[in-house]
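Notes to accompany the following structure.
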Amino acid sequence: MTHVVVVGAGQAGAACVAKLRALGFEGQITLVGAEAVPPYQRPPLSKKYLLGEMDVERLFLRPESFYAEQNIDLRLNSEVTSIDPAAKSLSIGEDVLAYDELVLATGASPNRLPDSIGGNLAGVYVVRDLDDVDAMAPEFSEGKRVLIVGGGYIGLEAAAVAASKGLEVTLVEMSDRILQRVAAPETSDFFRDLHRKHGVRIVESVGLQQLDGTGRVEAARLTNGETLAVDFVIVGVGVQPNVGLASAIGAELENGIQTDAFGRTSVAHVWSAGDCASFPYKGMQIRLESVPNAIEQSEVVAENILGAEISYIAKPWFWSDQYDVKLQIAGWNAGYDRVVTRSTSDNVKSFWYYQGETLVAVDAANAPRDYMVGKRLIESGKSPSSDLVQDLTVDIKDLLRA
């Protein structure tokens, strides 16, 4: 093997090439990225970076010099236009690269509002990459009116930043409640109350009908008949995995680029990892949009490229920072049928998801001990009685011995 090409210079791509070198791979490595800057962290974009508490260099996963020092050919501002799996080559414009193994770490792209309802007006933003956040940052001045479309974690994090900077914030969510796709009603209630205490107006079961303006957004018409005057709009309505290159070469798709437990796609010598890739998990084919998954999955792919034949066993965990609340999530809550709450104060709570008698996930708000215990329990396959979880006379660490 002489050449590994990784397409996508995000968290997964960067972790994969670094792991290859750490494992002693001495062949050629090329990392292809569409952006103008070296691989960087995305989570702080909607938090500390947007608040102005982190400069761009601190976002970088590694100094740009790292790639040259590790003899990794980092190609920025580059787009792979086609792949020929029979010839084991790919094209970047007119440049053709031969590869022995190819990793697709192409990530995901944010869903945008249709042009027909004003999605192309100036002042309408998404939150995904550095350019997105740099473009919207000047809008965050005190007293401005912002509409946030979508009550997932990205929308709520943007709302928290805007409210903290003194903006007038309205958030609309088409579903019955915020976080409906990803969390239990108990977690939704916690964050709804938190945002309302900070002056955010949250409107649920209401969608966006139309954005109006002459060149730039000026007003928003909602499905409940209300019209809002707005200065800008942030759209946080989910993402779609970037599967175009994989689809073009005939790779199987299922909830993203389908991979087996080793990270292989259905096309020989082509692998995938990160936000674009789905993988087997407890009888399902799931896709995790998280930093831990991007790192861990791509590192397993790197090992398997070198012949390790290691199955990727996901240990899902996530986090979200909003105001003075740090939410930490362990596990995968799909299929839960009940939730129990452990609460030591209004601002310190954890929500424990059960499927029957099996603990499957924990949402911990300002409760790091609950999170760590819950994570260890889930990963070890242990499920404490829900009565013990709710009993505050029981020390949380004792659940590990229950």
Side-chain angles (χ1 to χ4, degrees), residues 8-11 33-37 40-52 54 56 59 79 106-141 144-163 165 167 169-175 178-179 181-182 200 202 207-213 215-220 222 228 230-244 256 274-276 287 289-291 294 318 320-322:
Q11 189 90 51
E35 296 184 66
V37 293
Y40 59 87
Q41 309 171 67
R42 293 189 190 278
L45 291 177
S46 58
K47 307 178 188 79
K48 288 187 176 182
Y49 184 74
L50 189 52
L51 280 167
M54 177 182 283
V56 67
L59 288 174
E79 181 181 357
T106 46
S109 295
N111 294 322
R112 299 176 184 270
L113 298 179
D115 291 354
S116 60
I117 67 167
N120 59 343
L121 291 170
V124 179
Y125 303 96
V126 295
V127 185
R128 182 64 183 180
D129 61 28
L130 187 60
D131 286 347
D132 294 329
V133 176
D134 283 345
M136 76 172 69
E139 304 275 14
F140 282 73
S141 57
K144 276 197 171 184
R145 300 159 300 185
V146 58
L147 172 68
I148 296 176
V149 182
Y153 286 118
I154 287 293
L156 292 173
E157 289 168 2
V161 171
K165 284 182 164 286
L167 281 74
V169 185
T170 299
L171 184 149
V172 295
E173 169 54 56
M174 186 180 297
S175 300
I178 58 173
L179 301 175
R181 186 178 67 87
V182 294
V200 174
I202 292 180
L208 173 67
Q209 181 173 314
Q210 183 72 44
L211 297 177
D212 297 318
R216 181 180 173 87
V217 66
E218 300 169 1
L222 307 182
L228 302 175
V230 299
D231 295 302
F232 68 107
V233 175
I234 298 174
V235 181
V237 290
V239 300
Q240 293 295 321
N242 294 326
V243 301
D275 287 3
C276 63
R287 188 172 55 82
E289 298 165 11
S290 75
V291 168
F318 314 83
S320 178
D321 295 321
Q322 300 171 45

**OP:** Decide yes or no on side-chain contact (heavy atoms from CB on, under 4.5 Å) for Q322 and Y153, but give the supporting numbers first.
**Re:** CA-CA 9 Å; Q322 300 171 45; Y153 286 118; 3.9 Å; yes
Original post:
After noting the C-alpha distance and the side-chain angles of S320 and E157, does the key distance pass the side-chain contact (heavy atoms from CB on, under 4.5 Å) rule?
Top reply: CA-CA 8 Å; S320 178; E157 289 168 2; 2.7 Å; yes
**OP:** Apply side-chain contact (heavy atoms from CB on, under 4.5 Å) to the pair L208 and L222, showing each step before the final yes or no.
**Re:** CA-CA 5 Å; L208 173 67; L222 307 182; 4.2 Å; yes
Subject >> Stepwise side-chain contact (heavy atoms from CB on, under 4.5 Å) check, V217 with L147 >> reply: CA-CA 11 Å; V217 66; L147 172 68; over 6 Å; no
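Atom CG of residue L50 and atom CG of residue L45 lie 8.5 Å apart, to the nearest 0.5 angstrom. The line from CZ of R42 to NZ of K47 is 12.5 Å long, rounded to the nearest 0.5 Å. For the atom pair L156 CG and I202 CD1, the distance stands at 6.0 Å (nearest 0.5 Å). Rounding to the nearest 0.5 Å places CD of Q210 at 7.0 Å from OG of S116.
Residue E173 comes nearest to G152 through the heavy atom pair OE1-N, 4.4 Å, listed as atom of the first residue, atom of the second, then distance. The two residues G118 and V124 make their nearest non-hydrogen contact at O-CG2, 4.0 Å. Among all heavy-atom pairs drawn from P43 and V291, the shortest one is CG-CG2, 3.5 Å. The two residues A158 and I148 come nearest to each other via the heavy atoms C-CD1, 3.8 Å. Residues S290 and D275 come closest through the heavy atom pair N-OD1, 3.7 Å. Counting all heavy atoms, side chain and backbone alike, A159 lies closest to V200 at O-CG2, 4.2 Å.
Put simply, the side chain of D231 never gets that close to the backbone of V146: no donor and acceptor are under 3.5 Å apart.
Side-chain atoms of R145 and L228, non-hydrogen and from C-beta on, never get closer than 4.5 Å to each other.
Applying the 6.0 Å contact sphere to NZ of K48 captures no more than 12 heavy atoms from other residues, nucleotides or ligands. Summarising the local packing, CE of M54 is surrounded by more than 12 heavy atoms from other residues, nucleotides or ligands at distances under 6.0 Å.
Under the salt bridge (Lys or Arg N to Asp or Glu O under 4.0 Å) criterion, R216 pairs with E139, not counting sequence neighbours.
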Listed pairs under 3.5 Å, donor-acceptor, residues 233-244 side chains, sequence neighbours left out:
{"unit_1": "N242", "atom_1": "OD1", "unit_2": "S109", "atom_2": "OG", "d": "2.7"}
{"unit_1": "N242", "atom_1": "ND2", "unit_2": "T106", "atom_2": "O", "d": "2.7"}
{"unit_1": "N242", "atom_1": "ND2", "unit_2": "S109", "atom_2": "OG", "d": "3.4"}

Sequence neighbours excluded and cut-off under 3.5 Å, please list the side-chain donor-acceptor pairs for residues 130-137, or say none.
{"unit_1": "D132", "atom_1": "OD2", "unit_2": "R128", "atom_2": "N", "d": "3.2"}
{"unit_1": "D132", "atom_1": "OD2", "unit_2": "D129", "atom_2": "N", "d": "3.0"}
{"unit_1": "D134", "atom_1": "OD1", "unit_2": "Y49", "atom_2": "OH", "d": "2.5"}

